[in-house]
Amino acid sequence: EPEVTQTPSHQVTQMGQEVILRCVPISNHLYFYWYRQILGQKVEFLVSFYNNEISEKSEIFDDQFSVERPDGSNFTLKIRSTKLEDSAMYFCASIVDGNTEAFFGQGTRLTVV
Amino acid sequence: DAKTTQPPSMDCAEGRAANLPCNHSTISGNEYVYWYRQIHSQGPQYIIHGLKNNETNEMASLIITEDRKSSTLILPHATLRDTAVYYCIVETSYDKVIFGPGTSLSVIP
């Protein structure tokens, strides 16, 4: 069964450092998403990406965040200067088209110290 | 924000059917009802979705009322591995899936 792959599974970084979280969506999917989940809280939408540009973003997705699809297969989330409150699970998802199910990766646990 | 209401938690005996309700009284005609679940801290997993007809797949059944203002997800024979948080979501656009707090289902031996 096709799956969304995320790397690394766990990343520890110092406050103020830049991190890049990587995702490989399912190959024929066209829409890509990032979500985050702070420990014990609900899954929160960050950003959606289609046709090489952001289609929607939440208020969480401020200037410290950026997304890129650099090579047609990877989909990355960059946090420029991490804060303690960025510590969370980050999930990537993709869908093939509208009104179809989203496939989620297993997440990257980001710990900012 | 999420446009659904679900009970915060439910218990179900192992082997019995788990019936998870969801109210979506403001649903509009072109919005689908989706169900996902999240086991512990894993990535959310799609279960089933429907527009107005009842749906069944290998994981579950989805019963949508005729007025579409509520639905029920049925896990026919719950196992311990079905212990998870279950999310009922209504959406039209593929721009985003918005998660609410969901229902925490505990399957009890």
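Keep in mind that what you see is a predicted model, and the values were worked out from it rather than measured. Basis for what follows: all heavy atoms, side chains included, without hydrogens, waters or symmetry-related copies.
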Checklist outcome for this item: Rounded to the nearest 0.5 Å, the CD1 atom of B:Ile47 sits from the CD atom of A:Glu101 at a distance of 12.0 Å
Item to check | Nearest-0.5 Å distance that lies between atom CZ in A:Phe91 and atom CD in B:Gln42 | outcome: 8.5 Å
Hydrophobic cluster membership, [X] vs [Y], 4.5 Å side-chain cutoff:
{"X": "A:Ile20", "Y": "A:Trp34", "value": "no"}
{"X": "A:Met15", "Y": "A:Leu77", "value": "yes"}
{"X": "B:Met10", "Y": "B:Leu80", "value": "yes"}
{"X": "B:Ile48", "Y": "B:Ile74", "value": "no"}
{"X": "B:Met59", "Y": "B:Leu20", "value": "yes"}

Checklist entry - Does atom CG of A:Leu39 have more than 12 heavy-atom neighbours, drawn from other residues, nucleotides or ligands, at distances under 6.0 Å? => result no
Next on the checklist: Quick check on A:Thr100 against chain B: is it the side chain, the backbone, both or neither that has a heavy atom closer than 4.5 Å?
Outcome noted: backbone
Next on the checklist: So for A:Gln6, is it side chain, backbone, both, or neither that comes closer than 4.5 Å to the heavy atoms of chain B?
Outcome noted: neither
Checklist entry - Quick one: are A:Phe104 and B:Tyr36 in side-chain contact, heavy atoms under 4.5 Å? => result yes
Next on the checklist: So which residue, B:Gly43, B:Pro44, B:Ser41, B:Gly102, ends up with the most heavy-atom pairs under 4.5 Å with chain A?
Outcome noted: B:Pro44
Checklist entry - For the residue pair B:Phe99 and A:Phe45, is the inter-centroid distance of their aromatic rings smaller than 6.0 Å? => result no
